[in-house]
2 protein chains.
Amino acid sequence: MTTLMVADDHPLFREAIAAVIAAGLPDSTLLEADSLAQAMREARRHEASLDLLLLDLGLPDAAGLDGLARLRDALPALPVAILSAEQDRRTVLEAIDLGAVGYIPKSTPRDDLLAALERILEGHLYLPPQVMRRPPPARPDSSPAPLDDRLTRLTDKQLEVLEALGHGASNKGIARKLGIAETTVKTHVSAILRRLGVTSRVQAVLLAGELDLAAYLAARRGR
Amino acid sequence: MTTLMVADDHPLFREAIAAVIAAGLPDSTLLEADSLAQAMREARRHEASLDLLLLDLGLPDAAGLDGLARLRDALPALPVAILSAEQDRRTVLEAIDLGAVGYIPKSTPRDDLLAALERILEGHLYLPPQVMRRPPPARPDSSPAPLDDRLTRLTDKQLEVLEALGHGASNKGIARKLGIAETTVKTHVSAILRRLGVTSRVQAVLLAGELDLAAYLAARRGR
DNA sequence: CCGGCCCTCCTACCAAGGAAGGAGGGCATC
DNA sequence: GATGCCCTCCTTCCTTGGTAGGAGGGCCGG
């Protein structure tokens, strides 16, 4: 006998979840809440028997993951899984970081949703494979010869300086690291700004990020 | 027919893994490597057929997660799972963050290890339940700080300023855009630097990027 | 060999960024 | 009603960033 609770402010959605669970986990009880406050009250009341809370992000009284944080704070022993429309990879990771035992996108097909719930109730974590799998490179790399060419207009030394710039280093720090005078660094920085067509180091750093300086450096070092 | 590779510098351990896989996944081939460099070479050679690389942390030529990062960089399409004695929760999360498709502690019982491999080969993520479950109890106060809440420590106005900062705007430009005095902008910027724990606007901008300020703003506006 | 580019460094100057402190008004909480 | 936080703005002072111009030495290709 397992007891679940769904916290979501959309009655229709709660109803849908209830139907799925009734069909797929017949030996279970489902509690409902339409706000974080109510969920907390109910959770405390059924503390001993509650096996899992399915928490929606976007409850009226819970600011996204902040609601999860508060919940974890108040009831650290309660397993909480996120059930959300949000599918951002960072959000998923942060939820797990905050102690969620699973993350189920609302777009999950009914059968997968049940499988996920079962995994979680067995003590495993569940994360959405299609979201988490192969995400971070995220470089479809449309143009093999991108030639955004602004980066190619920089000399080696300037690239070195720009790289350091990208770590938030000051001119003085760059000078130390590269073993040259600060005035020389300034010379390089000025040249970089001119060649990149920007007017401040912050803009240069942002542009370096957009043009994927790291990849450019990796590529040119690899050859 | 699946092809796996195990990268570990302990021959005995490789042998043990080979035995487990031979018994549990009879329809598979296992490649071996005793260094990151060799693993990369082998992986490139068998690029088309290799289904999963089991990577040990602590290879002689790869310092912990850095090896994973380099591997992901060089071969983004290759699924990599970590197989390590290390069981620190943060390490696990960072590995997943870097794109690992699973994390298997070396202490995992043989049967669970096989089950984990099967899950991973099916396209799911695997994380060690006993490590990840109920982990962050030390949340209420403690000091070392998870430090992802740094954005939440900023006031609305500060977030506005930080957003503008992220576009490379100068204090003067921000003042114009927000319709306040430049001195006020400076006040905000100073407060932002202090609360984010950085010492220059460039670092603040970089940190805002890492913490995904845009997503945070979108999330909080959406509610 | 010479012109051109790069790297190095300098001086000098001005603009921008940032720290520190004070101050008034608004708003909420207790 | 007092406390506390936020937002606003100010002055003062110092550091950092950036521009301009000049100068010497190295390297390369014409």
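Labels below follow one simple rule: chain letters A, B, ... track the order of the sequence lines, proteins then strands, and each chain is numbered from 1. All of these numbers come straight from a predicted model, not from anything done at the bench.
- Not counting sequence neighbours, the partners of Ser190(B) by the side chain to side chain contact (heavy atoms under 4.5 Å, CB included) test are Arg194(B).
- With sequence neighbours excluded, the residues satisfying side chain to side chain contact (heavy atoms under 4.5 Å, CB included) with Leu206(B) are Val205(A), Val202(B).
- Straight-line distance from the CG atom of Asp156(B) to the C1' atom of dG26(C): 15 Å, rounded to whole Å.
- Thr91(A) is linked by a side chain to side chain donor-acceptor pair (under 3.5 Å) to Asp88(A), counting only residues two or more places apart in sequence or in another chain.
- Pairs engaging residues 35-47 of chain B under the salt bridge (Lys or Arg N to Asp or Glu O under 4.0 Å) rule: Glu42(B)-Arg45(B) [sequence neighbours left out].
- For Thr199(B), the side chain to side chain donor-acceptor pair (under 3.5 Å) criterion is met by Gln203(B), not counting sequence neighbours.
- The residue Thr155(A) sits close only to the backbone: its heavy atoms come under 4.0 Å of sugar-phosphate atoms, none of a base.
- Nearest heavy-atom pair across Pro128(A) and Pro105(A) is CB-CG, 3.5 Å.
- Atom CD of Glu182(A) and atom P of dC10(C) are 10 Å apart (whole Å).
- Listed by residue number, there are no residues of residues 168-175 of chain B with a heavy-atom contact under 4.0 Å to DNA chain D.
- Side-chain contact between Leu55(A) and Val6(A) is absent, with no heavy-atom pair separated by less than 4.5 Å.
- Counting any heavy atom pair closer than 4.0 Å across all strands shown, Lys186(B) reaches a base atom.
- For the side chain to side chain contact (heavy atoms under 4.5 Å, CB included) test, residues two or more places apart in sequence or in another chain that qualify with Glu182(B) are Asn171(B), Lys172(B), Ala175(B), Lys186(B).
- For the pair Leu52(B) and Val80(B), the minimum side-chain heavy-atom distance is 4.5 Å or more.
- Scanning DNA chain D 5' to 3' for nucleotides with an atom closer than 4.0 angstrom to a non-hydrogen atom of chain A gives a first and last hit of dT16(D) to dT19(D).
- For the pair Asp51(A) and Met1(A), the tightest heavy-atom approach, listed with the atom from each and the gap, is OD2-O, 4.1 Å.
- Residues passing the side chain to side chain contact (heavy atoms under 4.5 Å, CB included) test with Thr155(A) are Lys157(A), Gln158(A), Arg195(A), sequence neighbours excluded.
- Axis angle, first five pairs versus last five pairs of the helix from dC1(C)-dG30(D) to dC30(C)-dG1(D): 40°, rounded to 10°.
- The salt bridge (Lys or Arg N to Asp or Glu O under 4.0 Å) analysis of residues 7-20 of chain A, with sequence neighbours excluded, yields the pairs Asp8(A)-Lys106(A), Arg14(A)-Glu32(A).
- Residues from residues 187-208 of chain A placing a heavy atom under 4.0 Å of any atom in DNA chain C, listed by number, are Thr187(A), His188(A), Arg195(A).
- Residues Arg110(A) and Val20(A) share a closest heavy-atom pair of NH1-CG2, 3.7 Å.
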